[in-house]
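Data first, discussion second: the structure below is written as structure tokens.
Atoms within each ligand, like the ligands themselves, are counted from 1 in listed order. Owing to the predicted nature of the structure, the values given are computational and were not obtained by experimental measurement. Sequence positions, counted from 1, serve as the residue numbers for this chain.
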Amino acid sequence: MHSSDIEPGLVVILYPGLAGPLRRKIRDRLESYGGEVTAVEGTGRFYLEVRGEVAAIRSLVVESWSGVEKVISLGGEFLHTAADPDRGPEGVEVASVRLGAGSFSIIAGPCAVEDEQRALRIASSVAAAGADLFRGGAYKPRTSPYAFQGLGDAALEILQRVREETGLGIVTEILDPRDVDKIAEVADMLQVGSRNMHNYSLLKELGQTSIPILLKRGFASTIDEFLMAAEYILSGGNSSVILCERGVRCATATDEVVLDLGSIPELKKRTHLPVLVDPSHGSGASYKVPALARAAATVGADGILVEVHDQPEEALSDGAQALTLDQFEELVPQVHEIRAMFEGHISGVSDDLVSTPGGEDR
Ligand code: PEP
Ligand code: MN
């Protein structure tokens, strides 16, 4: 699609059962700022589609108007990521697990695949504890060229064994666009790491495939940049993208990274894509991981990506942030319980907006 095809707009979602005169008042106010407003009747509520001169309206805090529940931005350049008010979240299917369609999913495993026995031990343990998918890096993007770079091709063979033995779907990182076919033979989802979120040739290449992509937020990236990176993949034709918040660079007294949990409701408001949280890279310290994983469940994430190791003190990478097998087992029921408690308060596109256009509101 060319930029000339882009028709920006807004959808103003009204509270269920809002009385006619109040609906009309909101509509008149939007029109007074130059908007062309169409009222659409959903199940038990109306929403107002606003086209035309929306720039002035965007700068108002319409969300704070009485009777308005939420405002969704349409068009602009966020053509494929923008939340669709006509549809509830469909989610993305990865190895027969549907992420982002209402349930809380857990991807767990070591930072890197280190050896076959260890990978199998961790995988069978996290599977028994309730993990939905297994993660493990074969090609590692390390800060130092002298640090462990991952086992490479040998790790892919191990991941294949893990999949066969445990039945868990596999998530592993891709660094080089030339490796797509090779990795896709064993992986059910390819991870684009934080350092590669701005690697546009890699994103374009992945857009040409139909493999699910786990796109991690660049640690110095804004939400707009994050969504635009997803646009690179989606606009190429690959609709299976899952976002992952993994913390941003910010030096505090003790840390180099701060997990931006506020990005979750922001992303859930702006996009239909599933959103995960990585409390491991988002903290760098295992003692913080359970608390941040529980927080992820309260702010509306669709799941977590968490590093687990049978002997964190021996891990070849990221041992300091890895949960032990026991710690992981303890965490799983907690996040599900929290998620169940907050069900119904999770922001995102409401299911009850499924409707056919029509129902003019005046
Ligand atoms: C990882 O998941 O192992 C990883 C390297 O994460 P990030 O790209 O978020 O640093
Ligand atoms: Mn790691």
Side-chain angles (χ1 to χ4, degrees), residues 94 105-114 118-119 122-123 126 131 133-145 147-152 155-156 159 170-176 179 183 187-199 202-203 206 212-221 223 225-226 229-230 241-250 255-261 263-264 267 275-286 288-289 292-293 296 301 303-324 328:
V94 182
S105 306
I106 302 179
I107 306 175
C111 179
V113 173
E114 297 175 5
R118 171 157 274 159
I122 299 172
V126 297
L133 299 166
F134 181 76
R135 63 146 289 149
Y139 308 92
K140 294 302 301 175
R142 304 305 300 282
T143 303
S144 163
F148 174 59
Q149 303 286 306
L151 296 182
L156 296 182
L159 288 170
I170 302 293
V171 183
T172 196
E173 180 162 356
I174 179 159
L175 300 182
D176 187 328
D179 288 342
I183 302 179
D188 298 282
M189 175 151 68
L190 302 184
Q191 175 173 319
V192 174
S194 189
R195 288 154 191 81
N196 270 319
M197 193 210 84
H198 291 284
N199 182 342
L202 178 62
L203 301 178
L206 297 173
I213 307 298
L214 179 68
L215 178 65
K216 297 187 88 174
R217 179 179 177 185
F219 49 65
S221 305
I223 299 298
E225 289 165 344
F226 191 16
V241 176
I242 294 173
L243 304 175
C244 180
E245 168 60 60
R246 52 79 70 210
V248 289
R249 259 303 159 89
C250 175
D255 298 315
E256 293 176 343
V257 68
V258 169
L259 185 59
D260 179 9
L261 286 168
S263 74
I264 309 307
L267 288 165
V275 184
L276 305 183
V277 167
D278 173 351
S280 308
H281 296 87
S283 68
S286 60
K288 296 182 184 175
V289 170
L292 292 176
I304 48 174
L305 174 79
V306 60
E307 289 190 344
V308 181
H309 200 281
D310 60 336
Q311 283 179 294
E313 64 287 355
E314 286 185 11
L316 298 180
S317 59
D318 285 348
Q321 68 195 31
L323 293 184
T324 62
F328 178 72

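A donor-acceptor pair under 3.5 Å is formed between the side chain of Asp278 and the backbone N or O of His281. The backbone N or O of Gly247 sits less than 3.5 Å from a side-chain atom of Glu245, completing a donor-acceptor pair.
Around the Mn ion (ligand 2), protein N, O or S atoms at less than 2.8 Å comprise Cys111 SG, His281 NE2, Glu307 OE2, Asp318 OD2.
Minimum heavy-atom separation, Val277 to Ala296: CB-CB, 3.6 Å. When all heavy atoms of Thr172 and Gly136 are compared, the closest pair comes out as OG1-O, 2.6 Å.
A salt bridge between Glu173 and Lys216 is absent, with no side-chain N of the basic residue lying under 4.0 Å from a carboxylate O of the acidic one.
Under the salt bridge (charged side-chain N to carboxylate O under 4.0 Å, His left out) criterion, Arg246 pairs with no residue at all, not counting sequence neighbours. In this structure, Glu313 has no salt bridge (charged side-chain N to carboxylate O under 4.0 Å, His left out) partners at least two apart in sequence or on a different chain.
One distance of note links CD of Gln149 with OG of Ser144; it measures 7.5 Å at 0.5 Å rounding.
With contacts defined as side-chain heavy-atom distances shorter than 4.5 Å, the pair Asp188/Leu133 does not qualify.
Contact shell of ligand 1 (protein heavy atoms, cutoff 4.0 Å): Cys111, Arg135, Lys140, Glu173, Gln191, Gly193, Ser194, Arg195, Lys216, Arg246, His281, Glu307.
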